[in-house]
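The block underneath contains the structure these notes are about, expressed in structure tokens.
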Amino acid sequence: NLSYAITLPPTSGTDTFNVKIAGTLWTPPTVVAVKTPSMPPLTSQIVITGTNASGSKAVGLFMPSDIIPGNYTLDFFGGTYIGQYNPDSNPSNSQASTSGTLTILSHNTTTRRIRGNFNFHAETILPPIQTTELTEGFFSVTY
């Protein structure tokens with residue numbers, strides 16, 4: 001008899017993540033930020049994800065772990081700075097950034113706290129093409 005949960009835990013009280021999805025403000029109840037290990041040829045990354053309680057709806061950001069304050073282009077095909085949007089649990093509806101901006105406001109590698117703004121145009125990779133505008137995004141998280 002193993003215990004299990006069917007919802008994700010709530011976000012830490014110190015973490016913040018919000019974004020407008022197609023013009024509607026969304027503040028996910030769960031925010032997770034992690035630093036992945038370096039596994040050559042892949043470098044270490046910071047991954048920040050906001051999800052609904054079931055984990056079916058998600059907005060994620062991927063960036064190098066040594067990122068410094070500045071502006072970066074979110075482009076899935078560039079492979080370095082990526083925005084991702086999953087509107088539901090159907091993988092066919094998953095969308096990736098084809099254009100957009102990630103602005104790192106601060107990144108303290110000692111306390112592992114990172115803050116930034118983002119916006120991106122997301123599209124499905126395979127037809128039928130679906131698109132979504134994600135705007136006015138903000139995060140302040142510890143990874």
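The two atoms that bring Phe120 and Leu61 nearest to each other are CE2-CD2, 4.3 Å, heavy atoms only. Closest non-hydrogen pair, Val141 versus Val31, comes out as CG1-CG1, 3.7 Å. Taking all atoms of both residues into account, the shortest heavy-atom contact from Ile46 to Ser65 is CG1-CA, 3.8 Å. Contact record, Leu134 with Ala122: CD1-CB, 3.9 Å, taken as the closest heavy-atom pair. Looking at every heavy atom in both residues, Ala53 comes nearest to Pro29 through N-CG, 3.7 Å. Looking at every heavy atom in both residues, Ile67 comes nearest to His107 through O-ND1, 2.8 Å.
Using a 3.5 Å distance cut-off with no hydrogens or angles, the side chains of Gln130 and Asn93 do pair a donor with an acceptor. At a cut-off of 3.5 Å, with distance as the only test, no side-chain donor of Asn119 or Thr135 sits close to an acceptor on the other residue. In this model, a donor atom of one side chain and an acceptor atom of the other lie less than 3.5 Å apart for Ser56 and Ser54. No donor-acceptor contact under 3.5 angstrom links the side chains of Ser106 and Arg113, judged on distance only.
In this structure, the side chain of Ser38 does not engage the main chain of Thr43 through any donor-acceptor pair within 3.5 Å. Looking only at distances, no side-chain donor or acceptor of Glu123 sits under 3.5 Å from a matching main-chain atom of Gln95. A donor-acceptor pair is defined here as one N or O able to donate and one able to accept, closer than 3.5 Å; such a pair exists between the side chain of Ser44 and the backbone of Thr36. Although no hydrogens or angles enter the test, the distance criterion places no donor-acceptor pair under 3.5 Å between the side chain of Asn71 and the main chain of Thr103.
Side chains of Pro64 and Thr80 form a contact here, defined as non-hydrogen atoms less than 4.5 Å apart. Between Ile114 and Met63 the shortest side-chain heavy-atom distance falls below 4.5 Å. A heavy-atom distance below 4.5 Å is not found between the side chains of Asn52 and Thr30. Annotation: side chain of Gln84 is in contact with side chain of Phe62 (closest heavy-atom distance under 4.5 Å).
Distance check, rounded to the nearest 0.5 Å: OH of Tyr81 to OG1 of Thr101 gives 12.5 Å. The CG atom of Leu25 lies 8.5 Å from the CD atom of Glu136; values are rounded to the nearest 0.5 Å. Rounded to the nearest 0.5 angstrom, Asn86 CG and Thr49 OG1 are separated by 9.0 Å. Atom-to-atom distance recorded for Thr132:OG1 and Lys20:NZ is 16.0 Å, nearest 0.5 angstrom.
Every ring-ring contact (aromatic ring centres under 6.0 Å, His included) that Phe17 has, sequence neighbours left out, goes to Phe118.
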Step by step, work out the salt bridge (charged side-chain N to carboxylate O under 4.0 Å, His left out) result for Asp66 and Lys35.
CA-CA 10 Å; Asp66 61 354; Lys35 179 180 175 183; over 6 Å; no
For Thr124 and Leu126: C-alpha separation, side-chain torsions, deciding distance, then whether side-chain contact (heavy atoms from CB on, under 4.5 Å) applies.
CA-CA 6 Å; Thr124 51; Leu126 301 174; over 6 Å; no
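Aromatic ring centroids of Tyr85 and His121 lie 6.0 Å or more apart.
Other residues sharing the hydrophobic cluster of Leu105, ordered by chain and number and joined by side-chain separations under 4.5 Å: Phe138.
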Distance-only donor-acceptor hits, side chain of residues 72-79, under 3.5 Å, sequence neighbours excluded:
unit_1, atom_1, unit_2, atom_2, d
Tyr72, OH, Ile68, O, 2.6
Asp75, OD1, Phe77, N, 3.1

